Every structure is written in structure tokens, then in C-alpha cells.
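Computed from a predicted model, the values in this text were never measured in an experiment.
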Amino acid sequence: MKKIIYILLFAVTFMGCEDYLEKSPVTEQTEESFYRTEDDMFRALISAYEPLQRNWGESLQLTMDIVSDDAYGGGGSATDGVSGKKADRGITTPSEGMWSAMWNDHYAGVYGANVFLEKVDASEISEEQKTQFKGEVLFLRAYYYANLVRIFENVPLITKTLATSEYSQAAAPVADVYAQIASDLETSISYLEGVTYNNDQKGRVTEWAPRALLARMFLFYDGVYGNGDASSIMPGDVTGSDVLTYLNEVIDNSGADLLPDFGNLWGHSEFTDSWVENSVEGVFEVQFSNQGEGWQWYNAPFDIGNKMVVFVGPRGTGADSEYYSGWGFSPATQQLYDSYEDGDLRRDFTLLDMVAELGDGNFEEADQYTGYLNKKYAGLKSQVPDVGQEQLNFPQNYISIRFADVLLMAAEMEIHLGSAANAAVHYNKVRARAFGDSYSSVSTVTLEQIFQERKLEFALEGIRYWDLLRRGMPVLESAVQATNLGGIYDSAVNSAARGFWPIPSTEIALSNYALEQNDGY
């Protein structure tokens, strides 16, 4: 899939380089003549995937880590990355560029999905391919809306390309957005049933990804809008029982599993020297490549590397360091480091202990220095290719949904609706990998233990904030406040906003003020 994305990313236009170099008129391939062949539709499919790779600057993953209890803002100085720091301090505004970037990038994905779904039925590809491709795109549209509704809550629901007269869109009822997510995901499951890919196409959506995402969204909906006990019916008539069934199907039938060593998931493997991407643990991974040959920043055709790798890497590393010199954003909190028990192998794969690993004097202290950075996504010099702009070209995938998440979501649901014994089995499987031979299984597990396990397992993966919010504002406020040490380490929650973020002021103006600003802003 990495190769496919690299070769076909020019699908965001209506023709590739080879077409451009032909002598026939460049206007020959139009919207009317495109969207016909298998090659056309595959390019259009890739254009729906492409916005997943847009993680410039204070991206979704980076920002959600910063506003949780996992990390601070960091960067080169107090004036670097101010938008993230303001969000961490609970004083962000609708004019901050990062909210516009998240809004625009996700709606670019929605647009690509809508165009594809409108064009595919009239194309020349087989009915089997149409069904499969639609299954992938419906998941992607649901994925983009899943992020939008959790970030902004009140968002326009657009399921078709719009005429000029329709551009002024108000926010849809939140229930309608969740119902659309549920519909897209359930249809995606049915359309992708039995679909498998060869090794070159790993990273494409399978039938298991929509099951897992639907569970994630049910739990968020149940926590924020329900009672947090799986008793809710999520719009689209999704019940807790449905979700538990979906999770058990992933566990029992998908072939997904935990990698034997937690370190295999990341680019740093002191114990195993083995890094595996698109593994049995990756239920859905956002693909990145180090083969972008261009030297242009903020240009989608060249924007295929994982930029967050540079943002979170240590600053000023020496020539002998394995770490690429990055920009020091998202320094991890001391509270996160202290949360790991002795013997938990995940701590040293999750957190880069600057002094212990790099040595005093072998790095620059970034702003809001804590001594710890995000090791999971810090870049290595060995990942830098000989082509293109190296800071655009890190290949490390973002593992958006891991099998460990499926197990812990299932454990949570089993406590509410199923078997306490099954909950302990799932919990023990995740813990056993973390502690190795020293781990002793437990026969019962509590919800508090499961949430703590999620904190330790998914730290600095952009998940923690959503877990705090779905447990209620008092939990979110307490967790963030615990990292507020004063001075430059000042963290707070804008309680009036209920955990959601501002509608970009530019979007409100562009909507002719059909959009209304969220509470608290």
C-alpha cells in the first residue's frame, strides 16, 4: 500500500505524470471522461485515502496528546507551537490555524469519498470491485466524521458533492452525524466481507476496521451522551450488544493478534531489533512512505511521509545518535512516566528518556523540557532516504486502531454486558505482553484497571484525550489539572466547552454564519 499510495497519489488531480507528458491536449482527460476504467477508479479511491496523511504541524494526533495528561506543548521556544500550548492551557481561540487545518483536511477526505461514491456505479469496473471499493470509501468517510464529531461536536453533515448554492451549511444534529457514521460502517462491513489483500496492498481497509471503529464510537457516544455503562443506543440503532458482537468477531475471526513484543510495533527495538508495520496487530494503519521525491512543503503529491516524526523527535542530536534531530514537541509529563510500574516493558518503548538514552550534553533542551519525549514516533536516521526532502519523508505508519485496543474495548464491554471472566482474559493478554514472564494473571478486573491499562498501552498515540472525555468532565479536568505544575507547565481545561474545540472562525464566515460557534468560545 505504501508503494501504491506513492505511485498513485496524483489521483488528487485528474491525470498522472505519464498522461501529462503525452502530446495529446491536457484538457482531454476531464471529469466527464475520467472515473471510467479500473485505473481511473483506483486513483479516485486513493484520493479518498490521501487526506489521512495530512499531519502537518499541530496535527490531530499531536494536539490530542498535548491537551491530555500525557504531554505538554514543547517545541523550540516559548513562541514555538503557541497554538498547541494555548489549547493545553484551556485558552485556545477559533482563529488558531490548527483547528482550520483539521477541519479542512477532514472535509477534504469527506469530499473525496463523496465524489467516489457518486461516480463509481457508472464506471466500467466489475460489480465485485464496485462493492469492495465502496466498502473502503464508506469506512474512510466514517473515519473522517468520527474525528470531526469528536473534535468539534457540531459539524455539517455532507454526503454528496454540493452545488454552489448549497455551500452555506449549518451544523447537523449530532445524532444525525452518529447515525451516518453507524450506517457507513455497517455497510462497509457487509461490502468488505471476505476481502483480503496481498502484501503490496496491506494498509487498505478490511472488514475488521469498521467493526473496531464502530465500537470506539459507541463507547465515546455512550460516555459523553449516555450513562457510560453501555446501555445507550447510539443513533443508527447500534446497541452495546451489537458492539460486543462486532468486537468478538474481530477477536475470533480476523486473524489479528498482539505482536509478541510491544517493541516490534515501533521503530525502536533495543530488545528485538525488529520493526513490523501492517502486522497482525494493526487493525487500521495510516500509511506513510519515505519515497517522496519532491522538495516541496505543504504540497499534497509530495506529502507522503509522517511529519509528526520530526515534530516529536529530540532536538540537536549529535552525529553519533541514532535519532534524527527533530523539534522537541509534545514532551511527556512526569506523571505519565511515573504511571508505569516497575517491570512494565512499555515505558521504555513509549518514552524516550533523554539523559539515559542520549547522555547529558548530547541534545538541546526544548521548551517545557521534562526529560521525556514520544519515543514511539521519534524518527531514526536510518529511516531517512536518499531522495526528496528528508523532513517530509519518514515512513513510520500511524497505527490508528490496534488489536490491543480491540481487546481492551471488549474487556470494557464484557464488564457491562457480558462475562467478567472474559473481561479478565482480554485484560490479561495485554498485560502479559507488557510484563513478560513476571506477570501473574488476575481472575477479575475493574473498569478503573481497564482505563489505566488503556493509558499505559496507548500513551502518546492520540487516544488518551478521548478516553478521558468519555468518562466525564470531572475526570478530564482532574487528569489535566494533575499535570499543572504552574509556570511554563500550565495545563487547564475550558470547562464551558465541555471538552470540545472551537469551530474555525473562517468556516463560520464562509458558511454565511449558518454555522454557530460552540459553547465556551
Side-chain angles (χ1 to χ4, degrees), residues 55 57-75 81 83-90 92 98 147 150-151 216 220 262 265-266 268 308-309 311-314 326-341 344-354 366-378 398-402 404-405 408 430 434 448 450-471 473 475-485 488-494 499 501:
N55 67 340
E58 286 136 331
S59 62
L60 177 60
Q61 181 190 354
L62 184 65
T63 300
M64 292 302 104
D65 286 339
I66 289 170
V67 298
S68 77
D69 57 348
D70 278 354
Y72 301 110
S83 294
K85 290 168 185 166
K86 289 171 70 175
D88 186 32
R89 292 165 181 163
T92 192
M98 65 184 181
N147 285 339
R150 288 182 300 164
I151 302 166
R216 179 178 284 180
F220 186 81
F262 185 78
L265 289 162
W266 320 110
H268 312 276
M308 182 169 163
V309 167
F311 276 82
V312 303
W327 299 337
F329 284 91
S330 189
T333 61
Q334 183 69 46
Q335 182 263 0
L336 174 59
Y337 183 89
D338 293 342
S339 297
Y340 289 94
E341 302 169 49
D344 190 334
L345 300 174
R346 293 172 298 193
R347 187 192 67 188
D348 293 337
F349 285 121
T350 298
L351 298 172
L352 172 58
D353 186 327
M354 305 283 282
D367 189 45
Q368 296 182 296
Y369 174 75
T370 64
Y372 309 107
L373 286 175
N374 183 340
K375 186 174 179 178
K376 289 176 177 176
Y377 285 98
Y398 170 51
I399 313 176
S400 177
I401 306 175
R402 294 202 274 121
D405 198 357
L408 292 177
V430 176
E448 190 58 41
I450 290 172
F451 278 112
Q452 180 67 6
E453 192 62 19
R454 291 183 63 82
K455 173 182 174 66
L456 302 172
E457 180 74 17
F458 307 121
L460 303 175
E461 296 180 43
I463 291 175
R464 173 66 173 171
Y465 182 81
W466 309 127
D467 278 351
L468 290 171
L469 180 55
R470 70 184 175 90
R471 295 178 67 192
M473 285 299 294
V475 172
L476 173 63
E477 291 163 349
S478 175
V480 172
Q481 185 62 30
T483 68
N484 184 357
L485 308 179
I488 64 171
Y489 304 100
D490 186 11
S491 300
V493 174
N494 177 358
W501 302 98

Engineer: Can you name the nearest heavy-atom pair linking Met98 to Ser83, along with the distance?
Structural biologist: CE-O, 3.3 Å

Engineer: Search all heavy atoms of Val67 against all heavy atoms of Ala87 and return the closest pair with its distance.
Structural biologist: CG1-CB, 3.7 Å

Engineer: What I'd like to find out is whether the side chain of Tyr398 reaches to under 4.5 Å of the side chain of Leu60, using heavy atoms alone.
Structural biologist: no

Engineer: As an exercise, state the distance from CG of Leu476 to CD of Gln481, rounded to the nearest 0.5 Å.
Structural biologist: 11.0 Å

Engineer: Once side-chain contact (heavy atoms from CB on, under 4.5 Å) is applied, do any residues pair with Gln452, and if so which ones, sequence neighbours excluded?
Structural biologist: Ser339, Lys455, Leu456

Engineer: Look at the side chain of Lys376 and the backbone N and O of Leu265, then say whether any donor-acceptor pair between them is shorter than 3.5 Å.
Structural biologist: no

Engineer: Would you compute the distance between atom CD1 of Ile488 and atom CG of Asp367 and round it to the nearest 0.5 angstrom?
Structural biologist: 5.5 Å

Engineer: Check whether Ser68 reaches the backbone of Asp65 with its side chain - one donor and one acceptor, N or O, closer than 3.5 Å.
Structural biologist: yes

Engineer: Donor-acceptor pair, distance only, cut-off 3.5 Å: does the side chain of Gln368 make one with the backbone of Gly73?
Structural biologist: yes

Engineer: Measure the shortest side-chain to side-chain distance between Met64 and Arg150 over non-hydrogen atoms and say whether it is less than 4.5 angstrom.
Structural biologist: no

Engineer: When Arg346 is tested against each of Glu453, Glu461, Glu341 for salt bridge (Lys or Arg N to Asp or Glu O under 4.0 Å), which residue passes?
Structural biologist: Glu453

Engineer: What heavy-atom pair brings Gly75 and Ala366 nearest, and what distance separates the two atoms?
Structural biologist: O-CB, 3.3 Å

Engineer: Does Val312 reach the side chain of Gln61, with side-chain heavy atoms less than 4.5 Å apart?
Structural biologist: no

Engineer: Could you pull out the closest heavy-atom pair between Ser491 and Tyr72, with the gap in Å?
Structural biologist: OG-CE2, 3.6 Å

Engineer: Which pair of non-hydrogen atoms, one from Ala378 and one from Val309, has the smallest distance, and what is that distance?
Structural biologist: C-CG1, 4.0 Å

Engineer: Once the angle between the rings of Trp501 and Tyr465 is folded into 0 to 90°, is it parallel (under 30°), tilted (30 to 60°) or perpendicular (over 60°)?
Structural biologist: tilted

Engineer: So Tyr369 and Pro331, do their side chains get closer than 4.5 Å, heavy atoms only?
Structural biologist: no

Engineer: I'd like to check Met308 versus Asn374 (side-chain heavy atoms, cut-off strictly below 4.5 Å). Are they in contact?
Structural biologist: yes

Engineer: Parallel, tilted or perpendicular: which one describes the rings of Tyr377 and Trp266, with boundaries at 30° and 60°?
Structural biologist: perpendicular

Engineer: By side-chain contact (heavy atoms from CB on, under 4.5 Å), which residues pair with Asp467, not counting sequence neighbours?
Structural biologist: Arg454, Ile463, Arg470

Engineer: Tell me which one of Thr483, Val480, Asp338, Asp69 satisfies side-chain contact (heavy atoms from CB on, under 4.5 Å) with Thr333.
Structural biologist: Thr483

Engineer: What is the distance from atom CE of Met473 to atom CG of Leu468, rounded to the nearest 0.5 Å?
Structural biologist: 10.5 Å

Engineer: Can you give me the closest heavy-atom contact between Leu373 and Met354, atom names plus distance?
Structural biologist: CD1-SD, 3.6 Å

Engineer: As an exercise, state the distance from CD of Glu457 to CG of Asp405, rounded to the nearest 0.5 Å.
Structural biologist: 9.0 Å

Engineer: Side-chain contact, heavy-atom cut-off 4.5 Å: Gln334 with Leu485?
Structural biologist: no

Engineer: Mind checking what makes side-chain contact (heavy atoms from CB on, under 4.5 Å) contact with Asp353, not counting sequence neighbours?
Structural biologist: Tyr337, Val355, Ala356, Tyr372

Engineer: Do the non-hydrogen side-chain atoms of Tyr340 and Leu351 ever get within less than 4.5 Å of each other?
Structural biologist: yes

Engineer: I'd like to check Thr370 versus Tyr489 (side-chain heavy atoms, cut-off strictly below 4.5 Å). Are they in contact?
Structural biologist: yes

Engineer: Roughly how far, to the nearest 0.5 Å, is the CG atom of Leu460 from the OG1 atom of Thr350?
Structural biologist: 7.0 Å

Engineer: First locate atom CG of Asp70, then atom OG of Ser330, and finally report the distance between them rounded to the nearest 0.5 Å.
Structural biologist: 8.0 Å

